[in-house]
Amino acid sequence: MFIRSSAFAASVLIITTDIINYLKKNTLKPTINNDKINKRPQNIYKICKEDRLTHQIRVRFAPSPTGYLHIGGARTALFNYLFTRKKGGVFILRIEDTDRTRSTDEYIEAIIDGMKWLGLRWDEGPYRQTDRADVYNSYVQRMLEDGKAYYCYCSPDELEEKRKRAIANGKPPKYDGTCRRLKEPPAYIKPTVRFKMPATGETVVDDVVKGMVHFDNSTLDDFIILRSDGTPTYNFVVVADDIDMGITHIIRGDDHLNNTPKQIQIYEAFGKKPPIFAHLSMILGSDKSRLSKRHGATSVQAYRDMGYLPEALLNYLVRLGWSYGDQEVFSMDELIDKFSLESVGRASAVFNPEKLLWMNGEYIKSARAEDLIDKVLPFLVSGGVVSADYRQSVDSVWLSRAITTLQERSRTLVELARSLGYYIAGDVEIDEKACKKFINPATLDYLVAVRDGLSALEVFTASGVEALFMSLLEKFGVQLGKVAQPVRVALTGNTVSPGIFEVIELIGRDKCLSRIGRAIGIASLSAG
RNA sequence: GUCCCCAUCGUCUAGCUCGGCCUAGGACAUCGGCCUUUCACGUCGGUAACACGGGUUCGAAUCCCGUUGGGGACGCCA
């Protein structure tokens with residue numbers, strides 16, 4: 001952990017301490033916008049040099065379609081995205097669907113859909129691993145030919161047995177290498193292929209966020225790279241793909257940190273220099289265990305459906321593990337400008353829905369009302385406020401004004417749509433409690449006076465309405481609240497809304513008169 | 001069990017690289033004042049943290065060691 005900014009240190013194992021110290025002093029001063037990677041001397045910066053691709057930065061987001069795109073995946077994708085955009089690299093989407101039993105096309109669609117909604121555009125792909133069997137076969141073949149891998153005839157039951165025994169004896173449950181020494185393969189058994197892991201020495205992962213992490217090779221096992229059904233396994237496929245696609249930087253969840261030494265060994269076996277690694281800490285639920293369904297909504301589309309804006313979700317997510325001084329709200333351009341892997345924190349973060357809600361409110365507040373129209377429309381439709389063809393007939397200017405009055409009091413599109421209901425709908429449902437309190441004999445006179453006033457009003461604008469109210473207050477000798485609240489309840493069905501004069505103007509004369517008329521009916525009914 | 005990672009307010013974090021600028025800053029949440037026709041927004045203020053124990057040092061949130069706590073990985077899952 002002594003060299004934290006080790007994107008640099010990645011390739012340094014061979015050079016002397018003096019050089020390291022020199023570089024630490026002179027090139028690693030972490031001024032915030034410092035672009036260390038590009039400043040590194042060329043001679044120690046060679047990644048996948050012999051690959052068909054040049055030194056351009058290439059990163060990938062590689063979800064497995066065994067579920068929807070979730071919050072954690074979205075954050076990983078975001079960090080990859082920001083990093084590439086900042087460096088002018090290439091962002092690749094790769095679907096890791098080698099687990100045929102759990103991967104589904106539906107989930108692939110959902111992931112793509114989620115990525116699009118978030119606005120995380122990829123430059124290449126989506127590649128599907130199931131389309132690339134030939135590539136993997138040739139890579140496995142090479143391993144076998146080079147004597148870096150061998151066939152294994154142990155059955156799953158035997159292995160399970162060995163594992164249990166090892167754990168019982170307090171040993172790491174690694175493969176014992178039985179078949180490694182095998183001369184005569186038993187007949188009638190479809191073998192798997194195992195990688196020959198070096199038994200001694202250590203493998204060092206030099207991680208941009210975690211620093212140097214050492215693994216004793218004796219703890220690594222001869223893991224299976226090809227299943228008995230002929231399909232390759234994860235730890236092998238990632239490497240094959242990352243080599244094949246010329247990936248230069250791997251940014252992923254830190255649940256993969258333990259796999260990394262295995263993968264580095266595969267790179268070595270192929271004679272390739274490993275890419276630069278950056279392992280992001282996990283997002284936890286409120287009880288500090290790994291975030292999962294039982295902590296509430298975790299899929300990206302669930303947040304879309306709850307009325308969150310993608311920019312807000314992204315902004316919230318980026319602040320989990322990354323910060324830039326005291327700044328909380330960032331535009332995408334700012335993020336791209338300010339992001340760096342070196343300033344990503346090492347500790348895991350607890351997902352806090354309340355702060356996300358606040359963040360979303362900030363984005364709704366600062367959005368342009370016109371831009372919110374199309375975003376809120378689906379919620380208006382699903383809430384039954386309008387029909388699907390509403391957009392064609394509505395007066396956009398009017399709707400924008402209505403939205404403007406609600407922006408500062410809506411934290412999600414769902415809330416916005418709900419409030420918009422009383423501007424748009426033909427009638428409103430009056431909240432029972434509010435009705436009892438404000439629509440009754442005591443307020444009847446006010447309601448009648450307002451209705452009469454409004455119907456006679458020449459200029460039906462907020463200021464005209466205000467003048468009317470002022471004259472009524474004088475007439476009745478009361479405070480504004482006395483008159484305004486019953487009217488608000490009559491018009492919006494509730495005690496909460498934007499300023500009453502504005503609300504009246506936006507609802508319009510006809511609807512106001514009918515709603516107040518109805519309230520008058522209720523009030524006089526409860527009188528008798 | 002073994003290996004790996006992590007540790008500042010309830011939560012996200014700044015500060016740690018280069019020890020003194022820290023009686024630890026910001027944000028969410030929370031509590032109170034103000035604003036106000038309600039709610040909200042806004043605004044002003046409050047409560048609230050360096051996990052613990054040892055070192056090193058004139059001086060430690062910051063460096064070292066240990067402990068504890070949390071997380072992750074150990075699969076013919078990814």
Side-chain angles (χ1 to χ4, degrees), chain A residues 1-5 24-25 28-30 62-66 96-99 101-103 152 154-156 159-160 163 166-174 190 192-194 205 207 209-211 213-216 219-221 223-229 231 233-235 237-238 253-261 279 281-282 284 286 288-290 316 319-329 342 345-352 354-359 361 365 406-411 434 438 469 479-485 487-489 494-501:
Chain A
M1 192 66 66
F2 48 92
I3 305 177
R4 257 219 73 212
S5 29
K24 270 168 79 181
K25 276 218 161 59
L28 285 182
K29 290 282 185 198
S64 75
T66 53
E96 311 236 311
D97 57 350
T98 51
D99 182 356
T101 55
R102 292 198 301 153
S103 300
C152 173
C154 297
S155 72
L159 294 170
E160 187 55 36
R163 236 193 314 276
I167 290 179
N169 293 337
K171 289 188 174 152
K174 58 177 258 191
K190 276 202 157 182
T192 59
V193 175
R194 282 185 187 271
V205 179
D207 193 276
V209 346
K210 304 284 186 187
V213 186
H214 299 252
F215 293 87
D216 209 321
T219 64
L220 272 22
D221 73 347
F223 62 96
I224 291 172
I225 61 176
L226 195 75
R227 301 183 183 101
S228 52
D229 68 357
T231 58
T233 61
Y234 170 75
N235 278 120
V237 178
V238 243
D254 88 9
D255 47 340
H256 288 287
L257 186 55
N258 287 286
N259 288 324
T260 310
H279 286 96
S281 292
M282 316 246 73
L284 310 179
S286 48
K288 302 218 173 190
S289 70
R290 191 182 185 148
Y316 173 72
R319 286 285 292 99
L320 255 31
W322 179 83
S323 61
Y324 186 81
D326 287 338
Q327 192 172 343
E328 293 286 348
V329 180
E342 286 76 13
R346 289 152 299 194
S348 41
V350 173
F351 182 74
N352 182 349
E354 302 215 296
K355 187 162 180 180
L356 170 58
L357 190 57
W358 165 81
M359 183 68 80
K365 251 180 276 177
L406 295 168
Q407 277 177 268
E408 67 183 24
R409 60 190 69 231
S410 305
R411 290 177 303 177
F438 292 108
F469 270 67
Q479 293 283 79
L480 178 57
K482 289 282 181 206
V483 182
Q485 275 311 81
V487 173
R488 168 173 284 118
V489 173
N494 223 313
T495 56
V496 176
S497 85
I500 190 68
F501 311 132

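Letters go in sequence order (proteins before strands), and every chain restarts at 1.
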Is there a Watson-Crick or G-U wobble partner for [N] with both distances under 3.5 Å, and if so, which one is it?
N: C63(B); result: G55(B)
N: G42(B); result: C34(B)
N: A27(B); result: U11(B)
N: G1(B); result: C74(B)

| query | RNA chain B: F215(A) or Y234(A), which has the more 5' nearest nucleotide? | reply | F215(A)
| message | Go nucleotide by nucleotide along RNA chain B from the 5' end; which of W322(A) and E354(A) gets its closest nucleotide reached first? | response |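 This one resolves to W322(A).
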| message | Take a 6.0 Å sphere around CZ of R411(A) and say whether it holds more than 12 heavy atoms from other residues, nucleotides or ligands. | response |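 Counting neighbours around CZ of R411(A), 12 or fewer heavy atoms of other residues, nucleotides or ligands fall under 6.0 Å, so no.
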Considering only the [atom1] atoms, how many Å lie between [N] and [M], rounded to the nearest integer?
N: C9(B); M: A51(B); atom1: P; answer: 7 Å
N: G32(B); M: C16(B); atom1: C1'; answer: 35 Å
N: C50(B); M: C3(B); atom1: P; answer: 31 Å
N: C21(B); M: C5(B); atom1: P; answer: 31 Å
N: A7(B); M: C58(B); atom1: C1'; answer: 29 Å
N: C65(B); M: A24(B); atom1: P; answer: 28 Å
N: U30(B); M: G10(B); atom1: P; answer: 16 Å
N: A49(B); M: U8(B); atom1: C1'; answer: 6 Å

With a 4.5 Å limit on heavy-atom distance, are the side chains of [X] and [Y] in contact?
X: P498(A); Y: L406(A); result: yes
X: K174(A); Y: L220(A); result: no
X: T233(A); Y: T98(A); result: no
X: L257(A); Y: V205(A); result: yes
X: Y324(A); Y: R319(A); result: no

| request: Sugar-phosphate means primed atoms, P, OP1 and OP2; the rest is base. With that split, encode nucleotides 66-76 of chain B 5' to 3' as B, S or - using protein heavy atoms under 4.0 Å. | output: -----SBSBSB
Taking only the side-chain heavy atoms of [X] (C-beta and beyond), determine which of [options] contains the nearest atom.
X: F501(A); options: A78(B), U37(B), U38(B); result: U37(B)
X: A484(A); options: U37(B), C6(B), C3(B); result: U37(B)
X: R488(A); options: G25(B), U38(B), C4(B); result: U38(B)
X: V213(A); options: G25(B), C5(B), A7(B); result: C5(B)
X: Q485(A); options: C28(B), U37(B), C6(B); result: U37(B)

Gap between atoms [atom1] and [atom2], on [X] and [N] respectively (whole Å):
X: E160(A); N: C77(B); atom1: CD; atom2: P; answer: 13 Å
X: L320(A); N: C28(B); atom1: CG; atom2: C1'; answer: 12 Å
X: F351(A); N: C12(B); atom1: CZ; atom2: C1'; answer: 12 Å
X: L220(A); N: C4(B); atom1: CG; atom2: P; answer: 11 Å
X: D216(A); N: C4(B); atom1: CG; atom2: C1'; answer: 12 Å
X: Y324(A); N: G15(B); atom1: OH; atom2: C1'; answer: 16 Å
X: K210(A); N: U17(B); atom1: NZ; atom2: P; answer: 20 Å
X: L357(A); N: C12(B); atom1: CG; atom2: P; answer: 18 Å

| query | Can you tell me if the side-chain N/O atoms of S323(A) get under 4.0 Å from OP1 or OP2 in A14(B)? | reply |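 Yes, S323(A) has a side-chain N/O under 4.0 Å of OP1/OP2 on A14(B).
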| Are T98(A) and A78(B) close enough that a side-chain N or O sits under 4.0 Å from OP1 or OP2? | yes
List, with names and distances, any nitrogen or oxygen atoms from the protein found under 3.5 Å away from nitrogen or oxygen atoms belonging to nucleotides 41-45 of chain B.
residue	atom	partner	partner atom	Å
C41(B)	O3'	K365(A)	NZ	3.1
G42(B)	OP1	K365(A)	NZ	3.4

Contact class for [X] vs. all strands (heavy atom < 4.0 Å): base, sugar-phosphate, or nothing?
X: E328(A); value: base
X: F223(A); value: nothing
X: S103(A); value: nothing
X: G321(A); value: sugar-phosphate

| query | Between F223(A) and Y234(A), does the ring centroid distance fall short of 6.0 Å? | reply |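 Centroid distance F223(A)-Y234(A): not below 6.0 Å, so no.
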Set of residues satisfying side-chain contact (heavy atoms from CB on, under 4.5 Å) with respect to [X], sequence neighbours excluded:
X: K482(A); result: Y446(A), V478(A)
X: D326(A); result: none
X: Q485(A); result: F438(A), R488(A), T495(A)

| request: Using distance alone, with no hydrogens and no angle criterion, decide if K288(A) and S348(A) have a side-chain donor and acceptor under 3.5 Å apart. | output: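 K288(A) vs S348(A): no donor-acceptor pair found between side chains.
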| request: I would like to know whether K210(A) and S281(A) meet side-chain hydrogen bond (donor to acceptor under 3.5 Å, both in side chains); could you show each step before the answer? | output: CA-CA 9 Å; K210(A) 304 284 186 187; S281(A) 292; 3.2 Å; yes
| message | Strictly below 4.0 Å, N to O, side chains only: are D229(A) and K190(A) in salt-bridge contact? | response | no
| remark: Here the pair of heavy atoms bringing S497(A) nearest to R409(A) is O-NH1, 3.3 Å
| said: If I take atom CD1 from residue I225(A) and atom CG from residue N235(A), how far apart are they, to the nearest 0.5 angstrom? | reply: 10.5 Å
Restricting both atoms to N or O, compile the protein contacts to nucleotides 47-53 of chain B shorter than 3.5 Å, with distance only.
none

